[in-house]
Amino acid sequence: MPAEAPIYDRVALIGLGLIAGSMSLAMRRGRLAGEIVGTARSAETRDIAREIGLVDRVVDTAAEAVVDADLVVLAVPVGAMAAVAEEIAPHLKPGATVTDVGSVKRAVIDAVGPHIPEGVHFIPAHPLAGTEHSGPRSGFATLFDNRWCLIVPVEGSDRDAVARLEAMWQGLGAHTDEMDADHHDLVLAVTSHTPHLIAYTMVGVADDLRRVTDSEVIKYSAAGFRDFTRIAASDPTMWRDVFLTNKDATLEILGRFTEELFALQRAIRTGDGEQLFDYFTHTRAIRRGIIEAGQDTDAPDFGRVKPE
Ligand code: NAP
């Protein structure tokens, strides 16, 4: 349902990739913003954004983009947040809200927080939605529909400003929840960061077996491996920054993962079918829980349409 009045009069999107582009399209769909101004680092991305009308107005710098903006969204890789925050700080409107969409929260709070002037609200957030595509042409209006957006208020965050940002995310189609930054980083290390690392590794292992890469691995990748290759096609800059900035939580989960892997490895070596069966029964139940929570489809092969 489109909002009766825009939630923010002017929104500035810093970065014009998958997430910002999808936000712009979903904001238009819900009429959530009076005007959407956007900018990106490269002239090439800004030109594409202009050409496809991704936002209402494209400007050349982040400093220009935030002038008079009521909501500023930092939608650049986590490692680039500090420099962007430093650039925009002197130009922020008093009473504005600065938020981000970074996949890691503690590092973003530490990097951005010190630059936010008095009288400006800083409310980090993270939409749990994405694809392996990136860039200004990759966004789509339904990306956040029925997905979660975690809001991570910092100490002293203004409750009205938090409520307004939550209303924005709900207008974008997402469910919202609040979470503490460290808890967020641990949960995401389990649900997203470590699985990505495992996918990157598995694809790397397959590639090491060069003898098969050119033939069988590609030809017969209809099984689970194909999903690994999709995840491992995700943006290298974004994922480099995730692991550099969520180091402790990722290493903690990787440690646990390795222990479990060794346990299963031993079960295979010793022929302990009961342990394997019990383990897989338990994990199958987890998948059912995800479907029951409406976070994925029950259709075989994720509902993919088979090529003719
Ligand atoms: P994206 O499609 O690659 O877009 C990134 C944008 O940031 C581009 O406009 C890029 O500009 C700009 N940028 C890159 N490096 C920069 C730098 N050093 N300084 C200033 N701007 C820079 O990325 P995305 O997927 O939208 O991700 C944006 C943020 O959302 C990241 O923090 C990521 O962690 C988070 N996130 C991503 C996903 C996902 O699945 N993709 C999901 C949730 C959250 P140019 O195009 O000009 O290079």
Side-chain angles (χ1 to χ4, degrees), residues 12-26 36-52 54-55 58-66 72-88 98-109 111-112 115 124-140 142-145 147-152 169 172-174 176 179 181 184-185 187-189 191-193 195-197 199-200 230-246 250:
L13 299 174
I14 314 299
L16 289 171
L18 171 70
I19 301 296
S22 299
M23 287 181 75
S24 183
L25 299 173
I36 306 167
V37 184
T39 191
R41 169 182 59 168
S42 69
E44 187 189 353
T45 296
R46 296 194 299 270
D47 285 346
I48 294 171
R50 282 190 191 101
E51 180 195 320
I52 63 176
L54 190 60
V55 292
V58 178
V59 296
D60 288 345
T61 66
E64 265 177 90
V66 305
V72 174
V73 183
L74 309 182
V76 297
V78 172
M81 297 271 182
V84 170
E86 190 179 4
E87 180 188 343
I88 62 173
V98 174
T99 188
D100 76 295
V101 294
S103 306
V104 178
K105 294 278 59 98
R106 176 58 61 197
V108 169
I109 291 170
V112 173
H115 297 289
H126 179 202
L128 306 187
T131 74
E132 68 278 25
H133 300 295
S134 51
R137 294 187 195 276
S138 60
F140 53 100
T142 54
L143 177 64
F144 309 111
D145 285 353
R147 309 304 297 272
W148 284 96
C149 181
L150 298 175
I151 312 284
V152 182
W169 275 106
L172 292 170
T176 57
M179 203 179 266
H184 166 278
D185 289 355
V187 169
L188 267 291
T191 57
S192 171
H193 304 167
H196 270 80
L197 197 71
Y200 280 123
R230 185 186 65 73
I231 296 170
S234 299
D235 187 66
T237 305
M238 167 184 159
W239 285 97
R240 175 201 63 195
D241 286 3
V242 165
F243 293 115
L244 290 179
T245 56
N246 198 19
T250 311

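First listed ligand is number 1; within each ligand, the first listed atom is number 1. These numbers come from the heavy atoms of this one structure, side chains and all, not from hydrogens, waters or symmetry mates. One-based numbering along the sequence shown.
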If only atom types and distance count, is the side chain of [X] paired as donor or acceptor with the main-chain N or O of [Y] below 3.5 Å?
X	Y	result
Thr45	Ser42	no
Ser24	Gly21	no
Asp100	Met81	no
Thr142	Asp145	no
Arg147	Ala174	no
Ser192	Leu188	no
Asp241	Gly79	yes
Asp185	Lys105	yes

I want to confirm something. Looking only at heavy atoms, which of [options] is nearest to [atom]?
atom	options	result
atom 37 (C) of ligand 1	Arg41, Met238, Glu87	Met238
atom 5 (C) of ligand 1	Gly15, Ser134, Ala75, Cys149	Ala75
atom 36 (N) of ligand 1	Pro77, Ser103, Ser192	Ser103

Could you tell me if the side chain of His193 sits less than 4.5 Å from the side chain of Ser103, heavy atoms only? yes
Could you see which bit of Thr45 sits under 4.0 Å from ligand 1, with heavy atoms only: side chain, backbone, both or neither? side chain
Tell me which part of Ser234 gets within contact of ligand 1: side chain, backbone, both or neither, using heavy atoms under 4.0 Å. neither
[X]: numbered ligand 1 atoms lying under 4.0 Å from its heavy atoms:
X	answer
Gly135	1 (P), 2 (O)
Leu16	8 (C), 9 (O)
Gly102	32 (O)
Gly17	1 (P), 2 (O), 4 (O), 9 (O), 26 (O)
Val78	32 (O)
Ala40	9 (O), 47 (O)
His126	43 (C), 44 (C)

To check your reading of the model: name the closest protein heavy atom to [atom], its residue, and the distance in Å.
atom	result
atom 40 (O) of ligand 1	Gly130 CA, 3.3 Å
atom 19 (N) of ligand 1	Ala80 CB, 3.6 Å
atom 31 (C) of ligand 1	Val76 O, 3.3 Å
atom 23 (O) of ligand 1	Leu18 N, 4.4 Å
atom 26 (O) of ligand 1	Ile19 N, 2.9 Å
atom 42 (C) of ligand 1	Ala129 O, 3.0 Å
atom 35 (C) of ligand 1	Val101 O, 3.2 Å

Rounded to the nearest 0.5 Å, how far does CG of Leu128 lie from NE2 of His184? 6.5 Å
Quick check for you: to the nearest 0.5 Å, what is the distance between Ile151 atom CD1 and Trp169 atom CH2? 7.5 Å
Does some non-hydrogen atom of [X] fall short of 4.0 Å from ligand 1?
X	result
Pro127	yes
Ala83	no
Asp100	no

In this structure, which one of Val55, Leu54, Val58, Leu25 forms a side chain to side chain contact (heavy atoms under 4.5 Å, CB included) with Ile36? Val55
Phe140 and Leu18: which non-hydrogen atoms are nearest, and at how many Å? CE2-CD1, 4.5 Å
Give a yes or no on whether atom 10 (C) of ligand 1 lies under 4.0 Å from any heavy atom of the protein. no
Is it true that, when you exclude Glu64 itself, more than 12 heavy atoms of the residues, nucleotides or ligands shown sit nearer than 6.0 Å to its CD? yes
